[in-house]
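Everything numeric here is computed off the predicted structure, so don't read it as measured data. We're numbering straight along the sequence, starting at 1.
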Amino acid sequence: MFTIFFILFLQIPSLCHGFGKDQATSLMAFRRAKTIHASENPSSVMDFSAMEMSLKDEKMSAIEDVGKMEDDLLKEGLPGQPFPVLFKQYAGYVNVDKIKGRSLFYYFAEAAHGDGDPSSKPLILWLNGGPGCSSLGYGAMMELGPFGVNPDGRTLYSRKFSWNRVANLLFLESPAGVGFSYSNTTTDYEISGDKTTAQDSYTFLINWFKKFPHFKSSDFYIMGESYAGYYIPELADVIIHRNKIESTSKIQLKGIMIGNGIMNDVTDVRGTYDFLWSHALISDETYQRLKENCRIETKICEEYEEIGKTEFGRIDTSNIYGPLCSTSAGKSSRLRTQLVLGYDPCEGDYIRTYLNLPQVQRAIHANQTNLPNTWELCSEVIGNWKDSPSTMYPIYKRLFASGIQILLYSGDVDVIVSVTSTRYSIDGMNLKIIKPWHPWLDEYKDVGGYEVVYDGLTFATVRDGGHQVPEYQPQRAFALLKSEYAIKKFLQAQRLKRSAKHVNVKKSAADDGKSTLYIGSQDGLKDADKVSSLPGQPHRVNFHQYAGYVTVDPNAGRALFYYFAESENSSSTAPLVLWLNGGPGCSSFGNGAMKELGPFRVRKDGKNLFKNEYSWNTVANVLFLESPAGVGFSYSNTTSDYVVGDSRTAADSYTFLVNWLERFPEYKTRDFYLTGESYAGHYVPQLAQLILQNNQKTNQTFINLKGIAIGNAYIDYETEYKGMYDYAWTHALISDEIHEGILSNCNFVSGSTITEACLEYTEQADELLNTIDQYGIYAPFCSSSTPPPKISEYDPCAGEYISSYLNTPHVQKSLHANASGSLPGGWHSCNNFIFDNWEDEPNSVLPIITQLMATGIRVWLYSGDTDAVVPVTTTRYSINKLKIPVKSPWYPWYYQGEVGGFAEEYQNLTLVTIRGAGHLVPSYEPGRALTFFTSFLQGKLPPPA
């Protein structure tokens with residue numbers, strides 16, 4: 001079987017928390033040890049399909065005197081808890097083996113009062129994984145219990161989306177040796193395993209129900225995550241069997257719910273490899289070598305795991321886009337992180353402090369025997385795990401036959417047990433689909449994830465959820481929980497259609513460049529274009545701004561609008577950068593300058609601006625061009641000009657540059673760079689090609705082009721669509737069936753016929769993709785029901801503020817724009833007429849990129865890795881078509897101590913990813929974008945540390 005992936009997880013200390021082991025590293029350590037043991041002792045691999053988990057031959061350790069529930073009542077509540085608290089809490093021990101003195105600790109929070117007797121609501125048993133991790137620390141305190149711990153480690157806060165709003169929550173620390181649970185027979189810690197854990201958990205329940213008899217008839221669910229992917233089916237299997245033979249101790253098991261749970265070793269591991277590559281965390285080369293060499297544990301496999309470790313870098317494997325816990329971060333910094341993310345990556349530290357306070361342990365009736373070890377999130381005392389299956393398939397077959405409700409859910413940004421692994425595992429059971437893949441909506445009417453209903457189980461994803469889903473996405477996890485009880489099926493969002501057309505190229509940009517170049521008089525126009533101040537701009541602006549028109553065709557009356565922000569630092573020596581947005585037909589001023597990388601952003605009132613501290617004009621003079629005519633404020637007096645394509649766009653942009661440099665002659669010899677994103681994957685290479693060709697002419701203006709950088713670039717038709725749909729599947733956005741239909745029926749190679757079957761499957765995929773913001777798959781839509789970001793660099797409604805601002809007459813006057821006031825329909829972010837009537841575009845600009853690479857100019861492609869429109873997968877496929885050697889292998893680069901993304905240098909081309917960024921990279925991750933951009937200008941790879 002495949003080796004259990006990556007020793008690197010064990011060697012990156014405390015990715016999620018600043019201490020000891022955590023749930024993720026515990027699971028990876030266990031799986032690693034299991035694989036090594038299995039490879040050395042093949043006969044030792046257990047087959048749980050033949051193992052009886054029914055306990056029919058086991059002597060049950062039922063306890064006659066279990067005590068009273070009142071003895072475990074937390075009469076004063078938890079130390080430091082907020083008030084009022086409208087529910088009762090209990091905590092204490094339940095003995096599961098009287099002879100050995102083995103007792104398991106629990107914490108129980110009744111359902112919040114207000115609408116009836118708590119016992120009328122469901123009872124949930126929550127189990128965390130590891131194996132060996134605490135359900136009190138993780139489940140109750142960090143994820144879904146009524147309280148979380150404040151940074152002082154002494155006081156608590158109320159959790160808005162606590163699951164005890166709808167159910168009674170029972171958190172069990174199991175097996176003995178985990179958290180406060182213990183045994184008086186220390187050898188118990190050396191023989192822990194799946195079977196004894198299931199036995200003890202069942203015994204615990206039987207005795208707990210004796211203590212809380214009024215809950216015995218409550219609907220009962222078992223829920224948990226991680227290694228509980230084994231605990232839960234095993235315990236459910238035991239309960240179902242015992243219910244058949246125990247008339248007095250019957251447990252009302254109604255269902256199980258498992259998040260990011262392991263299920264089947266082979267598919268779990270294969271899915272992890274594929275997830276890592278598809279999420280741009282490891283290189284093409286390492287991915288291939290791991291697949292080829294790691295089916296069993298070998299020295300060669302270990303070598304490639306070490307390479308993968310280096311490539312992977314220091315990121316939180318539980319949430320690949322989340323920050324690490326920084327012990328050096330100040331209080332205000334941690335508060336800012338919590339406000340932005342909704343969780344605190346350091347909360348594990350606070351929980352450990354709190355649960356080791358003597359007054360807390362007294363209050364919860366814990367550690368009454370003076371345990372020799374401090375309380376830890378994951379146990380340091382449990383020795384070698386005695387038994388563990390390689391698959392849950394046989395048990396699932398028995399659970400299906402029982403008819404209980406089964407929901408498997410998966411946070412889609414977790415590496416440890418990835419969504420890809422879970423999908424592969426489910427596929428391996430060959431279940432019949434009852435309801436196909438569809439989006440489910442959260443309470444804000446955003447897509448919370450996707451769901452597919454099989455005959456026997458339901459699978460749901462939680463968008464932007466990590467390994468501990470309720471920690472990272474509490475609102476969505478709570479919504480999913482409620483749907484589990486109500487059997488609520490969410491409707492699909494309104495169907496949207498995305499159009500794309502590709503026509504044969506009749507001429508090239510270079511052909512248009514052979515026509516007579518227009519150069520007009522620029523005398524006095526620079527001074528006329530100076531912007532004294534933009535309405536609503538902040539005070540103390542320390543750079544010059546210019547805006548206005550440059551005529552590119554006087555006969556047609558065609559003029560292009562620009563906005564120019566000189567550098568805040570050393571503008572007289574800093575390079576000159578031209579920025580182009582894509583579309584085709586979208587504004588570089590409204591999108592590029594105002595939403596992404598310009599010096600200002602627009603406030604919510606649509607009237608005032610605030611400083612963008614990550615503006616690219618901190619390191620360069622940045623020129624934004626609205627091109628072609630018809631985009632933004634650019635116009636033509638000849639309406640037929642609005643039917644345009646790649647060729648004239650490149651020619652007009654070149655004419656603009658030559659004339660602009662006459663207007664600003666001090667920049668003629670300055671180092672010059674072309675940058676842009678999206679469909680600028682065509683604009684930028686074509687314009688660069690035209691510049692270099694014209695530079696060869698002695699009578700032409702020489703433009704000192706040094707390099708190009710294109711973000712999430714559309715550069716090749718075949719790889720665009722193959723990469724887009726592969727990305728959608730690997731990021732759990734479309735179903736297995738749709739993806740397989742596309743793979744089987746679609747040939748995106750240039751010149752191939754698109755079949756009706758292909759269109760059917762791509763339309764189904766597009767319908768699903770249109771239910772979320774494809775430009776940033778974890779971002780919300782702008783809507784009245786979406787809460788505005790408290791402190792965030794990204795606002796999904798920014799486009800509305802920008803449109804309001806740029807359509808204000810006095811703003812246009814200050815920009816010297818729309819002087820006649822006759823622009824049809826005002827300023828728009830994108831011109832749909834231009835998009836719909838685009839005249840020419842090649843199927844690929846890879847031949848042009850190859851030419852540019854040969855000239856020696858800098859060629860960088862960068863990619864925000866949460867964009868589904870032109871995803872990182874597409875960019876990697878495009879580069880692979882070039883078949884160029886790797887010069888500097890894939891590695892993680894860093895920004896403020898966090899992995900900012902990954903970089904790989906090829907011969908004459910560099911690929912850089914930006915972690916957590918969408919299609920408009922500087923909008924989503926402005927700090928990381930500026931770091932990348934600065935490295936590009938310096939001709940250095942992004943910082944490796």
Check your understanding: Hey, does the side chain of Thr655 reach the backbone of Val552 with a donor-acceptor pair shorter than 3.5 angstrom?
Key -> no
Practice item. Tell me, with the steps shown, if Tyr667 and Phe564 meet side chain to side chain contact (heavy atoms under 4.5 Å, CB included). Key: CA-CA 12 Å; Tyr667 287 97; Phe564 178 48; 3.6 Å; yes
Practice item. Begin with the C-alpha distance, continue with both residues' side-chain angles, and end with the deciding distance and a verdict on side chain to side chain donor-acceptor pair (under 3.5 Å) for Arg601 and Tyr801. Key: CA-CA 9 Å; Arg601 302 251 178 116; Tyr801 320 151; over 6 Å; no
Review point. Out of Tyr635, Phe656, Tyr562, which one pairs with Tyr549 under the ring-ring contact (aromatic ring centres under 6.0 Å, His included) rule?
Key: Tyr635
Practice item. Enter the distance from Tyr862:OH to Asn712:CG here, rounded to the nearest 0.5 Å. Key: 7.5 Å
Point to revise | Side chain His919, main chain Asp867, donor-acceptor under 3.5 Å | key: no
Revision key, fill the gap. Rounding to 0.5 Å, atoms CZ (Phe543) and CD (Glu568) come to a distance of 5.5 Å
**Study point:** Salt-bridge criterion met for Glu800 and Lys604 (N-O under 4.0 Å)
**Key:** no
Review point. Just by modelled atom types, is the Thr719 backbone N or O under 3.5 Å from a matching donor or acceptor in the Thr874 side chain?
Key: yes
Review point. Pro599 versus Tyr563: any side-chain heavy-atom pair under 4.5 Å?
Key: yes
Exercise for review: Compare all side-chain heavy atoms of Glu596 with those of Asn612 and state whether any distance is below 4.5 angstrom.
Suggested key: no
Practice item. Without swapping roles, check the side chain of Asn608 against the backbone of Arg603 for a donor-acceptor pair under 3.5 Å. Key: no
Point to revise | Ser803 (side chain) donor-acceptor with Gly799 (main chain) under 3.5 angstrom | key: no
Revision key, fill the gap. Heavy atoms of Asn807 and Gln812 approach each other most closely as CA-NE2, 3.6 Å
Practice item. State, with a plain yes or no, whether a side-chain heavy atom of Phe664 is found less than 4.5 Å away from one of Leu576. Key: no
Review point. Distance-only, no hydrogens or angles: does the Ser588 side chain make a donor-acceptor pair with backbone N or O of Leu625 under 3.5 Å?
Key: yes
**Study point:** Main-chain N/O of Leu937 paired to Arg858 side chain as donor or acceptor, under 3.5 Å
**Key:** yes
Practice item. Determine whether Thr931 and Pro942 make a side-chain contact, defined as any pair of heavy atoms from C-beta on separated by less than 4.5 Å. Key: no
Check your understanding: Side-chain contact, heavy-atom cut-off 4.5 Å: Leu687 with Leu580?
Key -> yes
Check your understanding: Say you draw a straight line from CD1 of Ile710 to OG of Ser863; how long is it, rounded to the nearest 0.5 Å?
Key -> 12.0 Å
Point to revise | Taking every non-hydrogen atom, the tightest pair across Val644 and Pro628 | key: CG1-CG, 3.6 Å
Exercise for review: Begin from the C-alpha positions of Thr649 and Tyr679 and carry the test side chain to side chain contact (heavy atoms under 4.5 Å, CB included) through to its verdict.
Suggested key: CA-CA 12 Å; Thr649 300; Tyr679 195 81; over 6 Å; no
Practice item. If the plane angle is over 60° it's perpendicular, under 30° parallel, otherwise tilted; pick one for Trp860 and Phe932. Key: tilted
Practice item. Might you point out which heavy atoms bring Asn770 and Gln774 nearest each other, and give the distance in Å? Key: OD1-NE2, 2.6 Å
Practice item. Decide side chain to side chain contact (heavy atoms under 4.5 Å, CB included) for Asn617 and Glu566; before the verdict, give the C-alpha distance in whole Å, the side-chain angles of both, and the deciding distance to 0.1 Å. Key: CA-CA 6 Å; Asn617 84 318; Glu566 287 192 328; over 6 Å; no
Point to revise | Tyr895 atom OH: more than 12 heavy-atom contacts under 6.0 Å | key: yes
**Study point:** Minimum side-chain heavy-atom gap Val870-Glu720 below 4.5 Å
**Key:** yes
Review point. With under 30° as parallel and over 60° as perpendicular, where do the rings of Trp616 and Trp579 fit, or are they tilted in between?
Key: perpendicular
Practice item. Write down the atom of Gly590, the atom of Leu806, and the distance for their closest heavy-atom approach. Key: CA-CD1, 4.1 Å
**Study point:** Main-chain N/O of Asp865 paired to Tyr727 side chain as donor or acceptor, under 3.5 Å
**Key:** yes
Point to revise | Distance-only donor-acceptor check, side chains Ser829 and Asn591, under 3.5 Å | key: yes
Revision key, fill the gap. For Arg663 and Gln522 the tightest heavy-atom approach is NE-OE1, 2.8 Å
Check your understanding: Do Leu623 and Val577 come within less than 4.5 Å of each other through their side chains, counting heavy atoms only?
Key -> no
Practice item. Could you tell me if the ring centre of Phe589 sits under 6.0 Å from that of Phe624? Key: no
Check your understanding: Asp840 side chain to Ser647 main-chain N or O, any donor-acceptor pair under 3.5 Å?
Key -> yes
Check your understanding: Has the side chain of Ser567 got a donor or acceptor atom that lies under 3.5 Å from a matching backbone atom of Asn569?
Key -> yes
Review point. Taking everything shown except Lys611 itself, do over 12 heavy atoms lie less than 6.0 Å from its NZ?
Key: yes
**Study point:** Closest non-hydrogen atom pair between Thr638 and Ala556, with its separation
**Key:** OG1-O, 2.9 Å
Point to revise | Ile914 and Tyr924: CA distance, side-chain angles, deciding distance, side chain to side chain contact (heavy atoms under 4.5 Å, CB included) verdict | key: CA-CA 10 Å; Ile914 288 81; Tyr924 294 89; over 6 Å; no
Practice item. Using side-chain contact (heavy atoms from CB on, under 4.5 Å) as the criterion, list what pairs up with Phe833, not counting sequence neighbours. Key: Tyr642, Val643, Asn831, Asn837
Check your understanding: Quick one: disulfide bond (SG atoms under 2.5 Å apart) pairs with a partner in residues 570-626, sequence neighbours left out?
Key -> Cys586-Cys830
Review point. In Å and rounded to the nearest 0.5 Å, what is the OG1 to CD1 distance from Thr875 to Ile715?
Key: 6.0 Å
Practice item. Kindly compute the distance separating OH (Tyr673) from CZ (Phe933), expressed to the nearest 0.5 Å. Key: 9.0 Å
Exercise for review: Before giving the answer on side chain to side chain donor-acceptor pair (under 3.5 Å), spell out for Asp527 and Tyr546 the whole-Å C-alpha distance, their side-chain angles and the decisive distance to 0.1 Å.
Suggested key: CA-CA 8 Å; Asp527 291 338; Tyr546 299 84; 5.9 Å; no
Review point. What's the spacing between Ser935 OG and Leu930 CG if we round to 0.5 Å?
Key: 9.5 Å
Check your understanding: Do Gln686 and Ile848 touch side chain to side chain, with heavy atoms closer than 4.5 Å?
Key -> yes
